[in-house]
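Okay, so here's the structure we're looking at.
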Amino acid sequence: MVKKNACIFISGYGSNLKSLIQNSRNHNFPVNIKLVVSDNKNANGLLHAKKNSIPYLVINTKKKNHEITTLNNIKKYNISIICLAGYMKIISKKFIKSFGKKIINIHPSLLPKFKGLNTYKRVLTNNEKKTGCTVHFVNEKLDSGKIILQKSFFIKKNDDIYTLKNKTQKLEQRAFSEAIINIYRYN
Ligand code: GAR
């Protein structure tokens, strides 16, 4: 199998990045992680890139040219897919168009429910029976592109924001890799 090159965007803790790095070591996994991009120089997730000798780029999203800088770096690594793994900034239409290849995102709710931020709190306030995570293609609208896969669980009476986050993130770590396998299953 000829693996594709992936770039992972992060902003924070990096639990999804960690599991993607682990899974990418499997020779049957369809991508290798060639670059990590973070908009936060203090992101814990950068430690996973450093530990695994994966090149990383810290971007300053306040700078006008940051998307061009990112795209130029991505070109150097011949990236076929960008995975947004807890990347908390919005990617512009122009960036999506200029990259022109696959961009996928993981979101901690069963989309189309609870797009945007503070998902766990809104799930609880809304008395949902189930919640979970969604991996989807990124388009120009927030959390709205075609869904690749979802994983869900039933909410228990004593669940709070912290237990929901914990349970959701456990599912996310499997969901992201499965979504990537699904994308490349037939090509
Ligand atoms: C994940 O739970 C992901 O779903 C969420 O950020 C977390 C990052 O965790 N993403 C969003 O809310 C995007 N709207 P991680 O840094 O440990 O992978």
Side-chain angles (χ1 to χ4, degrees), residues 6-25 29 31 33 35-52 54 56-59 61 67 70 81-93 95-96 102-126 128 130-153 155 159-183:
C7 172
I8 317 296
F9 279 39
I10 59 165
S11 294
Y13 192 69
S15 59
N16 280 290
L17 170 64
K18 188 179 176 197
S19 68
L20 287 172
I21 293 172
Q22 276 166 356
N23 290 334
S24 70
R25 291 203 192 103
F29 195 68
V31 304
I33 298 164
L35 181 66
V36 171
V37 171
S38 173
D39 66 322
N40 169 9
K41 67 178 187 335
N42 299 316
N44 176 75
L46 284 172
L47 297 178
H48 299 302
K50 289 178 192 168
K51 249 190 233 162
N52 290 281
I54 297 170
Y56 61 90
L57 172 73
V58 176
I59 52 169
T61 53
E67 289 201 329
T70 309
I81 184 167
I82 294 175
C83 304
L84 307 182
Y87 184 67
M88 302 311 277
K89 293 274 159 54
I90 297 198
I91 294 208
S92 75
K93 271 184 206 170
F95 183 97
I96 296 171
K102 295 174 177 62
I103 307 180
I104 64 174
N105 178 46
I106 189 147
H107 185 76
S109 78
L110 296 172
L111 291 173
K113 286 184 167 180
F114 309 108
K115 296 173 184 177
L117 298 174
N118 300 319
T119 45
Y120 305 117
K121 192 172 173 206
R122 289 186 290 141
V123 164
L124 288 174
T125 311
N126 225 45
E128 292 294 310
K130 280 167 94 180
T131 190
C133 63
T134 305
V135 185
H136 65 94
F137 286 106
V138 171
N139 65 12
E140 65 287 351
K141 287 194 191 139
L142 181 71
D143 298 331
S144 296
K146 188 176 170 230
I147 291 173
I148 304 161
L149 68 80
Q150 296 186 305
K151 286 194 183 288
S152 64
F153 62 91
I155 298 172
D159 271 324
D160 57 22
I161 292 180
Y162 303 100
T163 58
L164 282 194
K165 182 175 174 186
N166 200 276
K167 291 178 190 180
T168 305
Q169 291 196 334
K170 276 200 178 122
L171 287 184
E172 286 189 337
Q173 285 160 32
R174 289 184 8 236
F176 222 159
S177 291
E178 278 180 38
I180 294 171
I181 291 168
N182 284 357
I183 290 172

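Remember, it's 1-based here, ligands and their atoms both numbered in the order they're listed.
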Does [X] come within less than 4.0 Å of ligand 1, judged by its heavy atoms?
{"X": "K165", "answer": "no"}
{"X": "G14", "answer": "yes"}
{"X": "I106", "answer": "yes"}

Open item on the list: Tell me the protein heavy atom at minimum distance from atom 13 (C) of ligand 1, and give that distance in Å.
Closed with: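 Ranking protein heavy atoms by distance from atom 13 (C) of ligand 1, first comes M88 SD, 3.8 Å.
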
TODO: Please write down residue, atom name and distance for the protein heavy atom closest to atom 8 (C) of ligand 1.
DONE: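 The closest heavy atom on the protein side is G86 CA, 3.5 Å.
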
Open item on the list: Please find the pair of heavy atoms, one from L142 and one from G116, that lie closest to each other, and give the distance.
Closed with: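 Smallest heavy-atom distance, with atoms named: CD2-CA, 3.9 Å.
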
Open item on the list: Check this for me: I161, atom CD1, are more than 12 non-hydrogen atoms of other residues, nucleotides or ligands nearer than 6.0 Å?
Closed with: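 Yes, CD1 of I161 has more than 12 neighbouring heavy atoms, counting only those of other groups under 6.0 Å.
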
Open item on the list: Using a plain distance cutoff, I'd like to know if N16 has any nitrogen or oxygen under 3.5 Å from a nitrogen or oxygen of ligand 1.
Closed with: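 Yes, since at least one N or O of N16 sits under 3.5 Å from an N or O of ligand 1.
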
- [ ] Ignoring hydrogens, just give me the one of C133, G12, S15, P108 whose non-hydrogen atom is nearest atom 15 (P) of ligand 1.
- [x]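 Residue with the shortest heavy-atom distance to the ligand atom: S15.
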
Open item on the list: On a heavy-atom basis, I'd like to know which of H107, E172, Q169 is closest to atom 4 (O) of ligand 1.
Closed with: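 Minimum heavy-atom distance to atom 4 (O) of ligand 1 goes to E172.
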
Task: Residue that, paired with V138, satisfies side chain to side chain contact (heavy atoms under 4.5 Å, CB included) out of I104, D143, I82, I96 - done: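 For V138, the side chain to side chain contact (heavy atoms under 4.5 Å, CB included) test succeeds with only one of I104, D143, I82, I96, which is I96.
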
TODO: State, without any angle test, whether N40 and S11 hold a side-chain donor-acceptor pair at a distance under 3.5 Å.
DONE: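 On atom types as modelled, these side chains do not qualify, holding no pair under 3.5 Å.
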
Task: Flag side-chain contact, heavy atom, 4.5 Å: K115 against K141 - done: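 Contact flag for K115/K141 side chains = no.
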
Task: Side chain N126, main chain R122, donor-acceptor under 3.5 Å - done: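 Here the side-chain-to-backbone pair does not exist.
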
